[in-house]
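The basis for the numbers below is simple: all heavy atoms, side chains too, and nothing from hydrogens, waters or symmetry mates.
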Number of protein chains: 2
Amino acid sequence: MTAGYDPAAFVPFAVTVDLAVFTVRGGRLHVLLIRRGQQPYEGAWALPGGFVTPRESAETAARRELAEETGLPENVVAALHLEQLRTYSEPDRDPRMRVVSVAFTALVADLPEPAAQGGGDAAHARWVPVGEIGPHPASGREDADLASLAFDHAVILADARERVGSKLEYTCLATAFCPPEFTLGELQSVYETVWDTALDRPNFRRKVLATPGFVEAVPGAARLTGGRGKPAALYRPGPATALHPPLLRPSEGRTR
Amino acid sequence: MTAGYDPAAFVPFAVTVDLAVFTVRGGRLHVLLIRRGQQPYEGAWALPGGFVTPRESAETAARRELAEETGLPENVVAALHLEQLRTYSEPDRDPRMRVVSVAFTALVADLPEPAAQGGGDAAHARWVPVGEIGPHPASGREDADLASLAFDHAVILADARERVGSKLEYTCLATAFCPPEFTLGELQSVYETVWDTALDRPNFRRKVLATPGFVEAVPGAARLTGGRGKPAALYRPGPATALHPPLLRPSEGRTR
DNA sequence: CAAATAGTGTCTTTCAGACATTATTCA
DNA sequence: TGAATAATGTCTGAAAGACACTATTTG
């Protein structure tokens, strides 16, 4: 910023935040979308977000907008791991005015349906399987409007998916997709869902348990998973945040 | 952006870009700084950058500002690998007005001194060893003003260093620090300089040469490096961009 | 018992770290 | 020749991939 504050150089921008909030439900990756109530893109699906106010940072704004616009419970929003993705600043990304948007990603565990939908301002928020979004619909799509998202949100969503996929490789963030206590099978299915790859179960166990601080066993606890079979031991997230060495995606894995 | 365009919600921000441009020179990591000519922080060192204009993206602005403010040759700026780092939006990061800044990192090969310094607008641009910046000066610092940078640029610089370090682990970006043709010893010294770690030469060679598309041999070419010893073979950057598997930093390497 | 799910053990290959050795050049 | 630098080879141990096998539960 050498140029200082030449008045001719100062140009007013609007600054917004957009959020790509993911969850894993039923073996599919979902993202939280809201249906727009105003122009432009009225009626289209969009990522939640909104304007940054004069006295808050982008991250603060992101957390506030998420609480206002979606039905996510207060405690979930407050504890959310929010990561800045990148900033989108193409001049014509908004048809009306110059808007620069700071995008964030967040991961939450699957929630009881009513809490996730909420009421009031959140009446138009919905978890959407990412596979149902885009111009080449999977058969059985419920909503034809998902063919394209508002603004450049399809690009933001794609970038966010890629980021989440690589974060799983070298951080312990996958536990953020799980409830407070989870089985290793559930943790593995998070990886398989996000990467869309099958993983070898014994090798996955070995890797996770060999990483100090990734997960901690809950002594004595067990949970029956599929109604049948041996109950699985339960684990909690451990204190570690990084994975050394990383848990790399299979290079050419069959995509199930 | 569900909220639409409620006039009460629209707040004008200034949007700027800041650049952390690195090079390796003489076994030390350097960053390009400029000395500010105006308030605030007049006389302080700062990262190059400036305002985004109404019809350009942040990345376009970053490239333009770099060309205007520093003496970097046109062709270098045009071909530069520019990567968005993150956006800094704390409300009081600029003492005068609300400024949101999109930060970028870039890597360049060491340049002939005059070209890097330039004249005119670039008269106050300088390559500064990153070790000489900050409150705990290495002995022999030339410039006491480097104890602190303008605005939050010390934070941006620290984030950029961390990002560059990890990019070297899983991308082929290290070649961006090298001239068009380089020796493996030069490439290794890039890693050693950025990571501040000594690497085993035979193992480094093996790893680099075993990664398809990282580097390509220049047939027959060789260069004498230290005035003595066997001339080293020359290599060019290859077509690969990612490193699979990654070249990880030694966990507890001696720091030379 | 069969089906389903959790969990263990083992073999093999790949790869990284350590380090000895050879090759080529200049003073 | 000796110092300096590049390049090759080898041993070892850690970790990943493949996969056979055991354990515990429900119906």
Side-chain angles (χ1 to χ4, degrees), chain A residues 27 168-170 178 181-192 195 197-212 214-215 217-235 242-256, chain B residues 27 168-170 178 181-192 195 197-212 214-235 243-256:
Chain A
L168 293 199
E169 289 190 326
Y170 53 92
C178 297
E181 297 190 343
F182 52 88
T183 71
L184 291 187
E186 288 164 353
L187 186 62
Q188 179 175 347
S189 103
V190 165
Y191 277 88
E192 293 180 328
W195 289 348
T197 315
L199 299 176
D200 180 84
R201 189 133 52 100
N203 294 338
F204 180 81
R205 285 182 71 79
R206 183 178 50 189
K207 176 69 184 178
V208 170
L209 296 176
T211 303
F214 191 175
V215 298
V218 179
R223 176 200 296 164
L224 202 57
T225 56
R228 286 256 266 275
K230 179 176 179 175
L234 292 179
Y235 295 84
L243 237 50
H244 278 302
L247 177 48
L248 297 174
R249 265 175 275 209
S251 36
E252 299 287 46
R254 28 166 217 254
T255 63
R256 268 193 302 177
Chain B
L168 293 198
E169 291 190 325
Y170 53 93
C178 297
E181 298 190 343
F182 51 87
T183 71
L184 292 187
E186 287 164 354
L187 186 63
Q188 178 175 347
S189 101
V190 166
Y191 278 88
E192 293 180 327
W195 289 348
T197 314
L199 299 176
D200 181 86
R201 188 128 56 101
N203 294 338
F204 181 82
R205 286 182 70 79
R206 183 179 50 188
K207 176 70 184 177
V208 170
L209 297 176
T211 302
F214 191 175
V215 299
E216 288 172 352
V218 179
R223 174 201 297 165
L224 202 57
T225 56
R228 286 257 266 275
K230 181 175 176 176
L234 292 179
Y235 295 84
L243 236 50
H244 278 302
L247 178 47
L248 297 175
R249 264 176 276 209
S251 36
E252 300 288 46
R254 28 164 216 255
T255 63
R256 268 192 303 179

Subject >> Residue-phosphate contact under 4.0 Å: B:Lys207 side-chain N/O, C:dA16 OP1/OP2 >> reply: yes
**OP:** Rounded off to whole Å, could you give me the NZ-to-P distance for the A:Lys230 and D:dT25 pair?
**Re:** 8 Å
Subject >> Test item: A:Leu247 and A:Tyr191 side chains (from C-beta on) under 4.5 Å apart, heavy atoms >> reply: yes
Original post:
Closer than 4.0 Å, any side-chain N/O of B:Thr225 to the OP1 or OP2 of D:dA4?
Top reply: no
Original post:
What does B:Ala233 touch in the nucleic acid at a heavy-atom separation under 4.0 angstrom: a base, only the sugar-phosphate, or nothing?
Top reply: sugar-phosphate
**OP:** Please examine the side chains of A:Tyr235 and A:Leu187, heavy atoms only from C-beta on, and report whether any two atoms are closer than 4.5 Å.
**Re:** no
Original post:
Nearest to the side chain of A:Arg201, which nucleotide is it out of D:dA6, D:dA3, C:dG7?
Top reply: C:dG7
**OP:** Side chain of B:Asn203 only, please: which of C:dT8, C:dA6, C:dC19 is the nearest?
**Re:** C:dC19
**OP:** Could you check how far CG of B:Leu209 sits from C1' of D:dT8, rounded to whole Å?
**Re:** 11 Å
Subject >> Rounded interatomic separation in angstrom, taking CG from B:Leu199 and P from C:dC19 >> reply: 15 Å
**OP:** Specify the separation, in whole Å, of atom CG of A:Leu247 and atom P of D:dA16.
**Re:** 8 Å
Original post:
Is it true that a side-chain atom of B:Arg223 and a backbone atom of B:Glu181 form a donor plus acceptor pair closer than 3.5 Å?
Top reply: yes
**OP:** Name the nucleic acid region contacted by B:Leu224, choosing base, sugar-phosphate or nothing; use a 4.0 angstrom heavy-atom cut-off, strictly under.
**Re:** sugar-phosphate
Original post:
For B:Asp200 and D:dA7, what is the distance between atoms CG and P respectively, to the nearest whole Å?
Top reply: 15 Å
**OP:** Provide, to the nearest angstrom, the distance between the CZ atom belonging to A:Arg223 and the P atom belonging to C:dA4.
**Re:** 21 Å
Original post:
CZ of A:Phe204 versus C1' of C:dG9: gap in Å, rounded?
Top reply: 19 Å
Original post:
Is any side-chain heavy atom of B:Phe214 less than 4.5 Å from a side-chain heavy atom of B:Lys207?
Top reply: no
Subject >> Pairwise 5' ranking along DNA chain C for B:Pro245 and B:Gly229, keeping only the more 5' one >> reply: B:Pro245
Original post:
Backbone N or O of B:Leu199 within a donor-acceptor pair of the B:Gln188 side chain at under 3.5 Å?
Top reply: yes
**OP:** Would you indicate, yes or no, if C:dG7 has its OP1 or OP2 atom less than 4.0 angstrom from a side-chain nitrogen or oxygen of A:Arg205?
**Re:** yes
**OP:** Please report, rounded to the nearest Å, how far the C1' atom of C:dA3 is from the CZ atom of A:Arg228.
**Re:** 5 Å
Subject >> Base of C:dG9 paired with side chain of A:Arg206 (donor-acceptor, under 3.5 Å) >> reply: no
